[in-house]
2 protein chains.
Amino acid sequence: MKSQKRTTIYDIAQKLSIAASSVSRALSNSTKVNAATKALVLKTAAEMNYQQNAMASNLRKGNNPTIGVVVPMINQNFFSNIIAGLEEVTYKKGYNLIICQSNELHAREVDCVNALINQHVSCIIISIAAEMGPHQHLQQVLDHRIRLIQFDRVVDELDTFKVINDNEQASYEAVLHLVAQGYKRIALLEGPQDIDIFRQRKEGYLNALRKSGFPILEELMCENAWTKELGAEATAQLLNSPEPPDAIFASTSDFSALGVLEVATDKGIAVPEALGICGYSNEPFTEITSPSITTIDQYSISMGKTIANLYFQDMEEFDFNVETKVVSIKPKLIVRKSTSRI
Amino acid sequence: MKSQKRTTIYDIAQKLSIAASSVSRALSNSTKVNAATKALVLKTAAEMNYQQNAMASNLRKGNNPTIGVVVPMINQNFFSNIIAGLEEVTYKKGYNLIICQSNELHAREVDCVNALINQHVSCIIISIAAEMGPHQHLQQVLDHRIRLIQFDRVVDELDTFKVINDNEQASYEAVLHLVAQGYKRIALLEGPQDIDIFRQRKEGYLNALRKSGFPILEELMCENAWTKELGAEATAQLLNSPEPPDAIFASTSDFSALGVLEVATDKGIAVPEALGICGYSNEPFTEITSPSITTIDQYSISMGKTIANLYFQDMEEFDFNVETKVVSIKPKLIVRKSTSRI
DNA sequence: CTGAAAGCGCTTACAG
DNA sequence: CTGAAAGCGCTTACAG
């Protein structure tokens, strides 16, 4: 038992005195096999506790029904929802999912991608780490004829499928909502501007100001305020300035918005009456703060499903429309109490 | 380019007019190879964009440095933290992680386990689905000489490594804390009693009542109150009863505790003065409700690391102490405002 | 419908 | 240090 090897197709063949190829055919449910033989093989395989060796099978067949996923952080709501969505679709197709996290580090992202290339996965699905670097590793994926799908944080120059949120439009609508609620001095907490999604969100903010005939004021835009702590710091500065804002759009995340809310509460500033707050991501907690926080839902689970479906569609369709390489999902503004003062 | 095959060890060998075995040795950094040859091979491999085929290598070596993980839900805080912890350790060891989710369904759990056996993973790490069934699939894992580590929700009868929380002790301490705060009628929201962790938590509750000389009252124990909605329902009933409780221990989850808090708030019942509330899991939101919710932290990330280390320790040590097959992690009571009335 | 043979891409004793 | 050969466990043309 201890050093016993797993039973192979040959063990079954030997036991039944037939050829290994027949066993293989019986097991793979081929039509070119006698029904009686097939039944016997199946029965014997079960008795001998046979389980196929997927490595051998995949090697021989030259394909590996496995998709590699590289995300910055597995345990972040957005990404774990993406993974859950992916898994739901790939499971039904009999695909496995290999998960890696870059921890927002470029070097680690490169490592993960290389490991996945070695694994001969059929597809790599990736959201780029915050610490950016050259993207030869992604070009490598393509060179090795592995499909590549980028999502959320993508490298524009690379000609791959991209599934993104329409960050600009979502931000635009969020800011217009603030304007409609009568806020006049709307501040922006920005994320690192070398990351595309944060640039887009800023663009949406600027467009909404222009559209509303509001001035664009440098002093109302705070860089790199993308954690709760940094959001709180930026807020403290904003609120202490001679002309403080009457609304803050924490475009980076709900965590940042939470920082804003805590500082406002500490200072006894009424939300939403004296200060409107809007976050980004629709983290579960935004519903239960007091007041609840207006935010933007990214449909992360369904985004995961969309990504996976894109791969299978691309695999299965003959003339997949190359024009539709970028799928943009429109996020939804969720209006809650933190901005409802009318 | 389009139908080009990936370069193999043979392509390199041919180009350099040496044997494939030498290429293999050079690539695997063997000592039995001339330094000059090795350098040449490495250079050529890079030029030819060579990447090893892990399937072939693993098949030949008869081992697959991959760990399969089966969890009920990937996108639940506890589990995604476990996975993050696992990944941190396995990444450093050069192992891959294949992730599956059972969606709390037994049939799907069986599917996942079988797929992982086929993959010849080295180890399967699992937390059992809520919908329980026979566990032959787990016995199969053992029969196929794959290591099995159970965590959190485990099957007791199976002789495998188990990494669990000391649920009983944690519940015991939580209830003693409620007693110390002067609460006299402490209700329990239970989870399904066929799941071990929920039985253990109930046991801790009962022990604490006995220890405190409190009566055990059936009318204060509510079955299957393990979601926010069910928690809210149970709470409404409890608070409408002739002798309502003055504290509720939502032993199932913080979500359940949140349901309690919402009902209490709706009814205008002061928390913690008139009603104490304690949850379980230390979900991020417990910190930011008003009042913040007392709960129990399960150290999920470090639990993930512990699990992974257990595997590697078992692999590497010669005489691993078989006695230590169950690792019990003591969760920590986090006292917050929802129970602090003294 | 069945069998014998080749081969997926690698690694590793075995000689030299 | 290097090469020729065998084999990991499977699948698939090729004959029959």
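All values reported here derive from a predicted model rather than from experimental measurement. As a basis for the values below, the full set of heavy atoms in this structure was taken, side chains included, without hydrogen atoms, waters or symmetry mates.
Judged as a ring pair (Phe, Tyr, Trp, His ring centres under 6.0 Å), and not counting sequence neighbours, the contacts of B:His137 are B:His106.
Comparing D:dG16 with D:dT12, their C1' atoms sit 16 Å apart, to the nearest whole Å.
Consecutive Watson-Crick or G-U pairing (both distances under 3.5 Å) extending over three or more pairs maps onto DNA chain D as C:1-3 with D:14-16, C:5-12 with D:5-12, C:14-16 with D:1-3.
Taking 4.0 Å as the cut-off between side-chain N and carboxylate O, B:Arg108 and A:Glu87 count as a salt-bridged pair. Using a cutoff of 4.0 Å between basic side-chain nitrogens and carboxylate oxygens, B:Asp314 and B:Arg147 are scored as salt-bridged.
Residues A:Gln119 and B:Asn58 come closest through the heavy atom pair NE2-ND2, 4.4 Å. Across A:Ile9 and A:Leu27, no two heavy atoms sit closer than the pair CG1-CD2, 4.0 Å. Nearest heavy-atom pair, A:Ser127 versus A:Phe151, reported as atom, atom and distance to 0.1 Å: OG-O, 3.1 Å.
For the pair B:Ile18 and A:Ile9, both in contact range of DNA chain D, the more 5′-proximal nearest nucleotide belongs to B:Ile18. Both B:Tyr10 and B:Ala20 lie close to DNA chain D; mapped to their nearest nucleotides by heavy-atom distance, the more 5′-ward contact belongs to B:Ala20.
At the heavy-atom level, B:Ser21 lies under 4.0 Å from base atoms of the strands shown.
The footprint of chain A on DNA chain D, defined by a heavy-atom cutoff below 4.0 Å, extends from D:dG9 to D:dA13.
By the 6.0 Å contact criterion, CD on B:Gln14 is open, its count of non-hydrogen atoms from other residues, nucleotides or ligands being 12 or less.
Taking the ring centre of A:Phe312 as origin, the terminal cationic atom of A:Lys93 falls inside the region bounded by 6.0 Å and 45° from the ring axis.
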